[in-house]
Amino acid sequence: MKLGLENKTALVTGSTAGIGFAIAQELAREGAKVIVNGRTQARVDAAVAKLEGKVVGFAADLGTAEGAKATLTKFPDVDILVNNLGIFEPRAFVDIRDDEWLHMFEVNVLSGIRLARGYLPRLRKQGWGRLIFISSESAINVPVEMIHYGTTKTANVAVASGLAKDLAGTGVTSNSILVGPTASEGVGTFVQQLAEKNGVSRDEQEQEFFRTARPTSLIKRFIDPAEVAALVAYVASDRASATTGAALRVDGGLLSNI
């Protein structure tokens, strides 16, 4: 399916690995010019070298106002903004300090807000644009072991929904994607560490994770990042012009109650 992205420029934040990399890869395959972002030049260069198509890289810490400003200055003409950048860390609620809450919000929420705010005037003027916030099933099913993370993912949904209303009738859409447990770089490391700690294989640890931590999953496995990227590419396209203000699920059926 051709999605008509050949003349579009897409910025995918946090795209040197995992879900972000898969999204960049899918958008590039569809003909978009893709800006790959990461915090270090080495990571960005390595990711760009693996991709085919019209791909450029830019190293900036988008968890900071300075990083957002530098990106907006370097690439002012973005049509598709995929706010994928995010961090997570399992922590007991009582152990999470104020500065850790603030850092989680800075990276997971403000990174997308700053870029969306910067690009909106141009998108409104041209009458076409896509704002996509990569959220999580944790926005609804807030995990007790990562309440601060789940709260930021809920905020992603709220921002995307509010922007969609603000952009009514402009031709610019705003949506969030509720992603289920995915075999990203960070999750892979986390599961491997748990397996080693518990003295079991990675496959056994994965099975245990879905038996105890995410028992409502219908696919009973980690999602492939490419499966997330396929939905994002559609939402970024002209074919999704009537989809806005939505929280779209690619969660393996985990949130089957909504």
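All residue numbers refer to positions in the sequence shown, counting from 1.
- Side-chain atoms of Thr244 come within 3.5 Å of backbone atoms of Ser174 as a donor-acceptor pair (strictly under, hydrogens ignored).
- Between the Lys8 side chain and the Ala236 main chain, no donor and acceptor come within less than 3.5 Å of each other.
- Partner Leu115 forms a side-chain contact (heavy atoms from CB on, under 4.5 Å) with one of Val82, Leu72, Val78 and no other, that one being Leu72.
- Side-chain atoms of Asn108 and Thr152 include a donor-acceptor pair closer than 3.5 Å.
- With contacts defined as side-chain heavy-atom distances shorter than 4.5 Å, the pair Leu120/Leu167 qualifies.
- The backbone N or O of Ala246 sits less than 3.5 Å from a side-chain atom of Asn175, completing a donor-acceptor pair.
- Look at Arg221 and Glu227 and you find a salt bridge, because one of the NZ, NE, NH1 or NH2 atoms lies within 4.0 Å of a carboxylate O, short of that distance.
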Report, one line per pair, each donor and acceptor closer than 3.5 Å where one atom sits in a side chain of residues 48-56; sequence neighbours left out.
unit_1 : atom_1 : unit_2 : atom_2 : d
Lys54  : NZ     : Glu6   : O      : 3.0
Lys54  : NZ     : Gly31  : O      : 3.0

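- Looking only at distances, a side-chain donor or acceptor of Thr212 sits under 3.5 Å from a matching main-chain atom of Glu208.
- Exactly one residue among Asp79, Thr170, Asp77 makes a side-chain hydrogen bond (donor to acceptor under 3.5 Å, both in side chains) with Gln126. That residue is Asp79.
- Contact annotation: the side chain of His103 approaches that of Ile87 to within less than 4.5 Å [non-hydrogen atoms, C-beta and beyond].
- For Glu204 (side chain) and Ser201 (main-chain N/O), a donor-acceptor pair under 3.5 Å exists by modelled atom type.
- Residues forming a salt bridge (Lys or Arg N to Asp or Glu O under 4.0 Å) with Arg91 (at least two apart in sequence, or on another chain): Glu89, Glu100.
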Verify side chain to side chain contact (heavy atoms under 4.5 Å, CB included) between Phe105 and Leu110, making sure each step is shown before the conclusion. CA-CA 6 Å; Phe105 263 88; Leu110 277 176; 5.7 Å; no
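- Formation of a donor-acceptor pair under 3.5 Å by the Asn84 side chain with backbone atoms of Thr13 is found in this model.
- Thr182 places none of its side-chain heavy atoms less than 4.5 Å from the side chain of Val187.
- Residues Ser241 and Trp128 have side chains not in contact (no heavy-atom distance under 4.5 Å, counting atoms from C-beta outward).
- Looking only at side-chain heavy atoms (C-beta outward), Val191 and Phe222 come within less than 4.5 Å of each other.
- Side-chain atoms of Gln192 and Thr189 include no donor-acceptor pair closer than 3.5 Å.
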Under the criterion side chain to side chain contact (heavy atoms under 4.5 Å, CB included), I'd like the reasoning laid out for Phe88 against Ser136: C-alpha separation, chi angles, the key distance, then a yes or no. CA-CA 11 Å; Phe88 71 94; Ser136 166; over 6 Å; no
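- Asn198 contributes no side-chain N or O that, together with a main-chain N or O of Val200, makes up a donor-acceptor pair within less than 3.5 Å.
- A donor-acceptor contact shorter than 3.5 Å is absent between the side chain of Tyr149 and the backbone of Pro90.
- Under a 4.0 Å N-O distance rule, the pair Arg114/Glu66 does not qualify as a salt bridge.
- Between Val12 and Leu27, the closest side-chain pair of non-hydrogen atoms falls below 4.5 Å.
- Counting heavy atoms from C-beta on, the side chains of Leu11 and Tyr119 come closer than 4.5 Å.
- Nearest heavy-atom pair, Ser15 versus Ile35, reported as atom, atom and distance to 0.1 Å: OG-O, 4.2 Å.
- With values rounded to the nearest 0.5 angstrom, Phe21 atom CZ is found 14.0 Å from Ser184 atom OG.
- Within the structure, ring-ring contact (aromatic ring centres under 6.0 Å, His included) pairs that include any residue of residues 28-59 comprise Phe58-Phe75 (at least two apart or interchain).
- In plain terms, the two heavy atoms of Asp251 and Glu137 that are nearest each other are CB-CB, 4.4 Å.
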